[in-house]
Each structure stands twice: as C-alpha cells, then as structure tokens.
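Below: one structure, written as structure tokens.
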Amino acid sequence: VVLRLVDEGAFELDGEVGLIEGGVTVRQLLNHTSGLPHGVELDELLAPYRENLVHRPEWTPREMLAVIESRPRLSAPGEGWFYSGSNYVVLGLLVEETTGASLSEELRRRIFDPLGLADTELPELSSTPAGLARGYLPADNPVLPGPGPGPVDVSEVEPFGWGGGGMVSSARDVARFLQALLGGELLLPAMSAE
C-alpha cells in the first residue's frame, strides 16, 4: 500500500515522514534503516504477556508511536540496519494520515478485494481470529521464558499487532499475493524494482 501511494504521488519514497522526528524517510522505514527500536526491545509492551500470555493490549497505534519515539534510536537514520516492527507502525499511520481511511480499509480496497484474498484480514488490535495456526517459543527463550521444559505457546502474543505484524492470511492467499506482487499486478515496474 505504501509503494502504491508513492506511485500515486501521495508522498515521496525519499521524503521525510512528518509523523516522527529525526529525518526518517519512507525508504528507511521500508528497508529497516530508520534506527527505530524493535517492539521486543520495548519491555513495557512485553511485560503484560509475562504475567498473562493471552493479554490483549489496549495500545492505539498513536500510543505505540509515542512509546517508540520515547526510546533512543538504535542508529541515526540510514546508518545501520536492524529489523524493527516499529517501522510498520509508523508506515501504517502514514497510510491512514495520507488517505483518511483506516489501514484495514486501505488494505482491503487496494490489495485484498482486487486480488480476491478472502482469507486475509487485518483484525482489530483487541481480537484474535479463530482457527489460526499456533506459535511456540522454547521455554528458555529470553523474551517470554516459560515455567518448564516444554515450549511456550505464544500464539496470542502480539504487542505491536496492527501494522507491525497483525495481518492474518491463508497459504493460498499468501501465494496469490506473491504471484500478483512479483508478476507486476500491484506495482508499476519502477516501483517494483525498488
């Protein structure tokens, strides 16, 4: 959606994002060179899950942005690479600010419906769709350690959800999306090359 908005001239790939301070560009958010901290580095987002693995966060995307901005950068923008789900929170807010619609609506209108992705959605932050595959971490993991030798079911853990990793889909829909993305259905050739 972000790259399609760039194609439409809504903002520039190398333009600074006004939602955050420090001269971060859209490109730096997309390629993880923004220097923003990653969600698992933000203990206040994970602490409630250590008490209750099915905790439902009450964070709004704007509140997530405030937490992200309150933390020191991992590097100056463009000077280091580090995967950060925080980038997607900022990009989701940029989509909403630019279009005046919710991120979920824009995904549905621009991607899901045109491609027939009936099993794909961006659920509300407070809900988990039924029928999802379960996810596990070893009991000795440092993020959410478990009480015993068995794996820890972390299926409900999604501190950044929303634009930072909350979308759900089926294997069929993911295959269709990749076919459309890599086959040139979603982006013009120049943006696809980016």
Side-chain angles (χ1 to χ4, degrees), residues 1-2 19-20 29-30 32 34 36-74 82-97 101-113 115-178:
V1 171
V2 170
L19 290 166
I20 54 176
L29 291 166
L30 287 168
H32 298 282
S34 68
L36 295 178
H38 185 41
V40 297
E41 308 298 321
L42 305 174
D43 192 61
E44 64 265 39
L45 296 180
L46 290 171
Y49 292 103
R50 292 188 184 111
E51 300 296 320
N52 176 11
L53 285 171
V54 296
H55 165 76
R56 300 303 331 135
E58 296 180 14
W59 299 95
T60 66
R62 289 274 175 193
E63 290 169 330
M64 287 185 237
L65 178 61
V67 172
I68 293 164
E69 286 197 294
S70 74
R71 295 306 179 115
R73 299 279 170 93
L74 301 173
F82 186 83
Y83 176 87
S84 178
S86 301
N87 293 320
Y88 297 117
V89 172
V90 177
L91 289 165
L93 286 167
L94 178 62
V95 167
E96 291 190 347
E97 182 180 88
S102 72
L103 179 59
S104 181
E105 291 167 337
E106 286 300 308
L107 286 164
R108 172 105 6 244
R109 184 174 74 81
R110 294 170 177 270
I111 310 286
F112 306 162
D113 287 348
L115 296 179
L117 306 181
D119 296 330
T120 303
E121 68 176 301
L122 179 62
E124 296 296 320
L125 282 171
S126 61
S127 69
T128 301
L132 296 181
R134 308 302 295 176
Y136 298 90
L137 287 174
D140 62 352
N141 79 83
V143 177
L144 294 166
V152 179
D153 184 339
V154 294
S155 303
E156 304 293 326
V157 176
E158 188 52 76
F160 264 178
W162 192 65
M167 198 167 354
V168 297
S169 192
S170 65
R172 180 183 40 143
D173 277 10
V174 171
R176 172 67 182 115
F177 169 75
L178 290 173

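Quick note: numbers below take in every heavy atom, side chains included, and nothing from hydrogens, waters or symmetry partners.
Closest approach of L122 to S104, counting heavy atoms only: O-OG, 3.6 Å. Of all heavy-atom pairs spanning E69 and I20, the tightest one is OE2-CA, 3.2 Å. The shortest non-hydrogen separation linking R71 to P37 is CB-CG, 3.8 Å.
Legend: residues meeting side-chain contact (heavy atoms from CB on, under 4.5 Å) with R108, ordered by chain and number and at least two apart, are F112, D113, E121. Taking T120 as the reference, S169, D173 meet the side chain to side chain donor-acceptor pair (under 3.5 Å) condition, with sequence neighbours excluded. Listed by chain and number, the residues in a salt bridge (charged side-chain N to carboxylate O under 4.0 Å, His left out) with E96 amount to none (sequence neighbours excluded). R62 pairs by the side chain to side chain donor-acceptor pair (under 3.5 Å) definition with nothing, not counting sequence neighbours. Partners of E105 by side chain to side chain donor-acceptor pair (under 3.5 Å), not counting sequence neighbours, listed by chain and number: S102. By the salt bridge (charged side-chain N to carboxylate O under 4.0 Å, His left out) test, R73 is found to be paired with no residue, residues two or more places apart in sequence or in another chain being considered. Evaluation of the side-chain contact (heavy atoms from CB on, under 4.5 Å) rule for P138 yields D140, N141 as partners, not counting sequence neighbours.
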Donor-acceptor pairs under 3.5 angstrom involving side-chain atoms of residues 143-154: please list them, not counting sequence neighbours.
residue, atom, partner, partner atom, Å
D153, OD1, R134, NH2, 3.4
D153, OD1, S155, N, 2.9
D153, OD1, S155, OG, 2.6
D153, OD2, R134, NE, 3.2
D153, OD2, R134, NH2, 3.1

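Interatomic distance, S86 OG to L36 CG, rounded to the nearest 0.5 Å: 6.0 Å. The CG atom of L117 lies 9.0 Å from the CZ atom of R172; values are rounded to the nearest 0.5 Å. Separating the CG atom in L19 from the CG atom in L93 is a distance of 6.0 Å, to the nearest 0.5 Å.
Taking 4.5 Å as the limit, every side-chain heavy atom of L30 sits out of range of all side-chain heavy atoms of N87.
The aromatic rings of Y88 and Y83 are tilted relative to each other, their planes meeting at an angle between 30° and 60°.
Residues in residues 83-92 take part in no salt bridge (Lys or Arg N to Asp or Glu O under 4.0 Å) pair, two or more places apart or across chains.
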